[in-house]
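Structure first, commentary second.
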Amino acid sequence: MMMAGLLSCGESKYETGSFQVIPLPQEITETTGAQPFIVRPSTTICYPEGNEKMERTARFLAGYIREVTGTQVKVGTRAGSNCIQLSLDATLSHPESYELTVTKDGVQLKGATEAAVFLGTQTLYKALPITEGNALGALPAGTVKDEPRFAYRGFMIDVGRHFFSVDYLKELIDVMALHNINHFHWHLTEDQGWRIEIKKYPKLTEIGATRKETITAPGANEYDGTPVSGFYTQEEAREIVRYAADRFITVIPEIDLPGHMMAALASYPELGCTGGPYEIPTRFGVFDEVLCGGNGQTLQFAKDVLNEIMDIFPSPYIHIGGDECPKVRWEKCPTCQAKIRELGLKSTRDHSKENQLQVWFMSEVEKEINARGRKMMGWDEILEGNPEPSVTVMAWTSPKASILSAQLGHPTIVTPIHYLYFSNPWINRIMGEASVERVYNFEPVADTLTLDQRKNIIGAQGCIWTEWTKDSVKMEWQMMPRIDALSELQWTQPDKKDFRQFLQRLQHQLKLYELKGWNYKSLNEADSLKYKQFKNMPL
Ligand code: ACM
Ligand code: ZN
């Protein structure tokens, strides 16, 4: 696929790349027979004077060019020939639309917004050949017209089960940017660890951020004796927000409640139904101990935490979890039952009174979120109680859950465990091309939905849960190259997708991963098995 002929032009050798990148742009026209644009040390990336965002994007592009071709270009505001000209074009209809025009004399990159221009630079990054200084890089003459299929293109990382440093998260944000992903869903709290500083509740990180050890494998009776610890200060979280925003990625924080709260309960036992004592679990699963749904102090805790979270994160969406919350404690808890009576909740055929108590609890939290002009997001279990249609649902339990959510009128993000959880052990056992094809061919919009209901599917997301992901090696092995398949289902219109062609385009992307030193999962089965033996970890 790559037009990789090595040619010389005057003194300098050059190699021409290709716009057949991942995710595939919607429209590519190569001008046959025309000379490519050769990126030289004399080339300038030009941005509109006074536009700081475009200047930053121009500097990023200069960095990408240096990285792949070894050529150091200039950055400035002068327009003219031998330029890669970045500009805004209000006539482009979609906020993430961009257009590239390449001739031998220069490159025009126009975007509807600064975000769109940034997305265009990701395409340029991937369209350049990887010459590493052995030849100049050139771009083929032609045009690219591009815009995304879905407005919401997400990736989730769980830092509760294992902690990942600020620097490493920045690298993962770079991986997301390279794939045109525009939402980083940061799963910040878990039973096994609370990872964000909350000033009003310091014990959340003094106690809740450290567990004493971890089970060695699913179902094992052995524990490793090694503490797992770590949290982000509010300043560090702001640094991540800025880093992502510079790459036009919104960070959506998740505080998962009222279940998955054992680290918080260990820190403040009075928030539970029994009063504890509680211990931070050293194994994984779903635990009966959850926040007390009837206790006013617990509700105040949730509101206080989310207010500090909203001070840190400007995201329009605030995720409050809602998944996997057993009701066995609530059924017996006098405080929960008194609240159920006070609210007049009665079990119906579809919704138990305890499920309705969870909906009430979450709707109280939602008021706090809405009061600050934000929108609540939750996992699909929140549908067990009849939430307001304004709530955005992240449908994980099955593709059917996304159909139900869209039918009920909720903005819906599709992230089914069977296809888009890259950490699922049995999915990880699928090796080679099949593991990527399974993601690639997943269609987020079910054809049983009406045209109106289809509009409720606002996007798709990949997730990495880190029960069995302790390090960057495993993280990257799970993420890449399935994230390539994900990005194409998020970005590219389905009629343009083709798995065989995708595999050809993937060759260049894997070379880029090698250049970056990322530990992608080889499509060669033998290599993947080697990884398993080497790490001796559950997949
Ligand atoms: C989930 O996987 N419990 C959202
Ligand atoms: Zn209770």
Side-chain angles (χ1 to χ4, degrees), residues 154-161 185-192 252 254-262 264-265 268-276 278 284-302 319-343 345 352-358 360-362 364 377-384 392-399 401-402 405 412-427 460-469 478:
F155 204 90
M156 190 213 77
I157 305 281
D158 160 23
V159 295
R161 274 58 177 264
H185 168 182
W186 198 3
H187 185 81
L188 282 163
T189 64
E190 256 310 332
D191 291 309
Q192 295 82 6
I252 300 177
E254 181 185 352
I255 302 295
D256 195 354
L257 52 82
H260 288 288
M261 270 279 160
M262 288 205 65
L265 292 176
Y268 294 97
E270 62 273 25
L271 301 175
C273 290
T274 64
Y278 304 98
F284 303 109
V286 175
F287 299 94
D288 287 344
E289 304 298 347
V290 301
L291 293 183
C292 177
N295 182 338
Q297 192 192 347
T298 306
L299 181 58
Q300 192 55 46
F301 163 82
H319 200 311
I320 62 165
D323 60 320
E324 299 178 320
C325 179
K327 302 295 184 305
V328 287
R329 293 289 173 267
W330 291 14
E331 283 160 10
K332 299 266 163 15
C333 169
T335 314
C336 286
Q337 291 303 319
K339 193 76 204 176
I340 284 170
R341 280 192 302 277
E342 183 196 320
L343 295 169
L345 304 177
S352 72
K353 57 193 193 319
E354 286 77 20
N355 281 346
Q356 294 176 58
L357 180 63
Q358 178 172 340
W360 170 80
F361 188 92
M362 298 191 80
E364 288 299 298
M377 191 181 257
W379 297 107
D380 64 62
E381 286 94 326
I382 58 175
L383 296 175
E384 281 164 23
T392 301
V393 173
M394 210 167 249
W396 73 279
T397 53
S398 67
S402 48
S405 170
T412 303
I413 294 157
V414 180
T415 178
I417 179 171
H418 311 88
Y419 296 90
L420 301 185
Y421 274 22
F422 296 171
S423 45
N424 185 305
W426 68 265
I427 299 277
Q461 175 167 295
C463 296
I464 290 191
W465 299 92
T466 58
E467 288 95 330
W468 313 108
T469 310
Q478 294 183 125

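Keep in mind that the numbers below use all heavy atoms, side chains included, and drop hydrogens, waters and symmetry copies. The model shown is predicted, which means the values in this text are computed figures rather than measured ones. We count ligands from 1, going down the list as the structure has it; atoms in each ligand are counted the same way.
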Atom 2 (O) of ligand 1 - nearest protein heavy atom and its distance | Tyr421 OH, 2.6 Å
Cys292 atom SG and Cys273 atom SG as seen from the Zn ion (ligand 2), angle to 10 degrees | 110°
Taking the side chain as C-beta and beyond, is there a heavy-atom pair between Leu383 and Ser405 under 4.5 Å?
-> yes
Nearest non-hydrogen protein atom to atom 3 (N) of ligand 1, with distance, is Asp323 OD2, 2.6 Å
So which bit of Glu324 gets within less than 4.0 Å of ligand 1, heavy atoms only: side chain, backbone, both or neither?
-> side chain
For the residue pair His319 and Trp186, is the inter-centroid distance of their aromatic rings smaller than 6.0 Å?
-> no
For the residue pair Tyr421 and Trp465, categorise the inter-ring angle as parallel (less than 30°), tilted (30 to 60°) or perpendicular (more than 60°).
-> tilted
In sequence, state the C-alpha distance, the side-chain angles, and the governing distance for Gln337 and Glu354, and then conclude on side-chain hydrogen bond (donor to acceptor under 3.5 Å, both in side chains).
-> CA-CA 8 Å; Gln337 291 303 319; Glu354 286 77 20; 2.9 Å; yes
